[in-house]
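What follows is a structure written as structure tokens; I'll ask about it next.
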2 protein chains.
Amino acid sequence: MPWLSHSTTNDVINQICDRIWLAVVQRTLRPGARLKEEELTEIFGTTRARVRQALSILEQDGLVTIYPNRGACIAEPGVEDAQDAFSARLAIEQRLVTRLCRSASVEDIATLRDHIAQERAAHARGDSEAVIRLSGEFHMLIAKLSGAELLLKILRMLTIRTSLITAMYQTQATQTCGPDEHDRILTAIEARDEARASNEMAHHLHHLETALRLSDTPIPVSGLREALATNLRKRSP
Amino acid sequence: MPWLSHSTTNDVINQICDRIWLAVVQRTLRPGARLKEEELTEIFGTTRARVRQALSILEQDGLVTIYPNRGACIAEPGVEDAQDAFSARLAIEQRLVTRLCRSASVEDIATLRDHIAQERAAHARGDSEAVIRLSGEFHMLIAKLSGAELLLKILRMLTIRTSLITAMYQTQATQTCGPDEHDRILTAIEARDEARASNEMAHHLHHLETALRLSDTPIPVSGLREALATNLRKRSP
DNA sequence: ACGTTAAGAATTGTTGACAATCTCGTTGAC
DNA sequence: GTCAACGAGATTGTCAACAATTCTTAACGT
């Protein structure tokens with residue numbers, strides 16, 4: 001259920017990381033949002049040292065930016081970073097699906113199919129938060145099933161960037177191109193057609209990227225907030 | 001001069017990370033070597049908290065593994081990780097050289113040519129430590145010149161893995177295939193021939209990997225140490 | 001009114017001592 | 001002689017108070 005076990009063995013820190021990461025993915029925390037240490041200690045009922053460690057990890061992952069002596073904020077990657085991230089994702093994920101075509105077991109395929117079913121369900125009932133989250137999880141799932149620890153870690157870093165970018169440059173309800181494309185990828189995997197799976201993945205990622213590129217010039221969401229109001233409080237859970 | 005600026009803004013921590021990373025690259029620190037916190041505090045003349053932060057970062061990078069309540073050691077990646085790392089490096093670096101073919105300035109090319117000259121010099125005078133270090137730096141340099149922050153960070157993680165693997169599974173003086181192949185890559189970049197540059201890079205990485213794969217069955221260097229003796233002291237600088 | 005400056009509040013960074021855990025040599029029973 | 005329990009020493013993990021920095025607010029002079 002937690003998105004991904006981090007490298008830390010400490011449960012509390014992992015929980016902090018996961019919750020923040022989840023909040024970003026489902027748009028509860030916008031890029032640029034302030035993360036005060038004391039606030040987090042209260043929320044998670046822990047000490048400031050733990051929060052500090054968690055923030056340090058999240059900075060390594062690229063989810064938050066720590067301005068020395070000034071605090072931590074959800075990161076605001078630029079368009080450059082977005083292009084790099086998509087570029088790298090293309091390279092990594094094509095390799096992942098190719099590998100999965102060879103190594104996927106019937107259970108793996110069943111797992112993926114089940115996941116897509118969940119996506120469809122969320123899409124059908126208009127639960128946009130779940131759609132966004134599940135859509136990202138699909139790609140992480142492919143990495144996890146392919147069994148490559150390292151590639152999973154890298155893909156996580158890349159997904160964080162693209163998620164942030166999506167949160168920043170999303171004009172309106174650019175539907176995250178429903179589960180149909182995921183289904184096409186899975187079908188190719190099931191048919192053990194490496195070339196087709198690779199192509200479908202490329203098409204899918206390209207689709208994602210271009211959907212974002214539309215809103216290239218507009219200013220990031222939090223730019224306004226940062227420029228105008230300063231004392232916004234985060235909603236309490 | 002420092003291999004790569006980390007994400008931290010703290011100079012001391014960066015220095016610790018760089019020195020350890022350098023020591024690993026030039027085989028002063030072998031995989032599996034113990035890293036006691038107090039020892040490091042003395043060496044770098046800092047506090048234990050800083051050392052702890054540095055170790056945490058290095059763990060994120062995959063250079064050290066931290067065993068809870070038992071201390072930190074230089075990581076010992078398995079052959080699986082090696083294959084993944086090379087696989088990812090291939091994907092990333094092909095993209096990097098392709099990009100560099102378009103964006104490289106004359107100064108960039110001069111920088112690369114100068115670097116290869118240094119490699120040749122080190123190779124000529126039999127300075128194997130410098131050869132290993134410079135050979136790795138060449139790839140990082142390509143990433144840096146291509147201007148992609150993210151890809152540089154990822155390549156660093158991958159290079160760490162392959163360096164560790166090289167240190168572990170290197171049978172004898174498997175010469176790190178001299179600077180000639182680097183030169184071929186640079187020539188292709190200079191000619192703006194994207195396809196050829198990409199191919200040369202692929203060939204180069206494949207060469208690196210197969211040179212390692214030869215010693216697949218043998219046990220990692222520090223496996224012996226870990227299994228037999230436990231109280232080895234690191235040489236003092 | 002505007003910009004500047006300075007004290008106070010809020011927030012982050014650091015330190016040192018203390019607690020928890022592990023390592024390893026010793027002792028003792030079988 | 002072998003093995004298990006034990007305890008001293010060593011090493012890592014945690015915490016709470018203290019220090020340093022930044023942000024806010026308000027007063028002040030021009």
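Each chain gets a letter, A, B and so on, in the order the sequences are listed, and its residues count up from 1. Source: prediction; values computed, not measured. All values below come from the heavy atoms of this structure, side chains included, with hydrogens, waters and symmetry mates left out.
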How close or far is atom P of dT12(C) from atom CD of Glu39(A), stated in whole angstroms?
9 Å

For Ala82(B), which residues count as a side chain to side chain contact (heavy atoms under 4.5 Å, CB included) partner, sequence neighbours excluded?
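Side chain to side chain contact (heavy atoms under 4.5 Å, CB included) list for Ala82(B), sorted by chain: Ile165(B).
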
Value in whole Å for how far the P atom of dG13(C) lies from CD of Gln53(B):
9 Å

Measure from CD on Glu37(A) to P on dT22(D) and round the result to the nearest Å.
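Rounded to the whole Å, the gap is 15 Å.
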
Applying salt bridge (Lys or Arg N to Asp or Glu O under 4.0 Å) to Glu119(A) and not counting sequence neighbours gives none

Partners meeting side chain to side chain contact (heavy atoms under 4.5 Å, CB included) with Arg48(A) (sequence neighbours left out)
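Applying side chain to side chain contact (heavy atoms under 4.5 Å, CB included) to Arg48(A) gives Glu37(A), Thr41(A).
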
Spacing of CG belonging to Leu55(B) relative to CG belonging to Leu40(B), to within rounding of 0.5 Å:
6.0 Å

My understanding is that only residues two or more places apart in sequence, or in another chain, count here; which of them pass side chain to side chain contact (heavy atoms under 4.5 Å, CB included) with Glu42(B)?
none

Measure the distance from CG on Leu55(B) to C1' on dT11(D) and round it to the nearest whole Å.
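These atoms are roughly 13 Å apart.
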
What is the separation between atom CZ on Arg52(A) and atom P on dA16(D), rounded to the nearest whole Å?
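It is 16 Å, rounded to the nearest whole Å.
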
For nucleotides 15-22 of chain C, just jot down a letter per nucleotide in 5' to 3' order: B, S or -, based on protein non-hydrogen atoms under 4.0 Å.
B-----SS

Could you give the CZ-to-C1' distance, from Arg34(A) to dC23(D), as a whole number of Å?
9 Å

Run the side chain to side chain donor-acceptor pair (under 3.5 Å) test against Arg161(B) and tell me which residues pass, sequence neighbours left out.
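Side chain to side chain donor-acceptor pair (under 3.5 Å) list for Arg161(B), sorted by chain: empty.
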
For Thr47(B), enumerate each residue passing the side chain to side chain contact (heavy atoms under 4.5 Å, CB included) test, keeping only those at least two apart in sequence or located in another chain.
Ala49(B), Arg50(B)

Find every protein N or O atom lying less than 3.5 Å from an N or O atom of nucleotides 8-10 of chain D, and list the pairs.
none

Ile13(B) CD1 to dT14(C) P, in whole Å, measures 7 Å

Would you list the pairs meeting salt bridge (Lys or Arg N to Asp or Glu O under 4.0 Å) in which at least one residue belongs to residues 77-87 of chain A, sequence neighbours left out?
Asp84(A)-Arg99(B)

Charged N to carboxylate O under 4.0 angstrom, Glu137(B) versus Arg133(B)?
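Here Glu137(B) pairs with Arg133(B) in a salt bridge, since their nearest N and O are under 4.0 Å apart.
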
Grab the CD1-C1' distance between Ile66(A) and dT21(D) for me, whole Å please.
16 Å

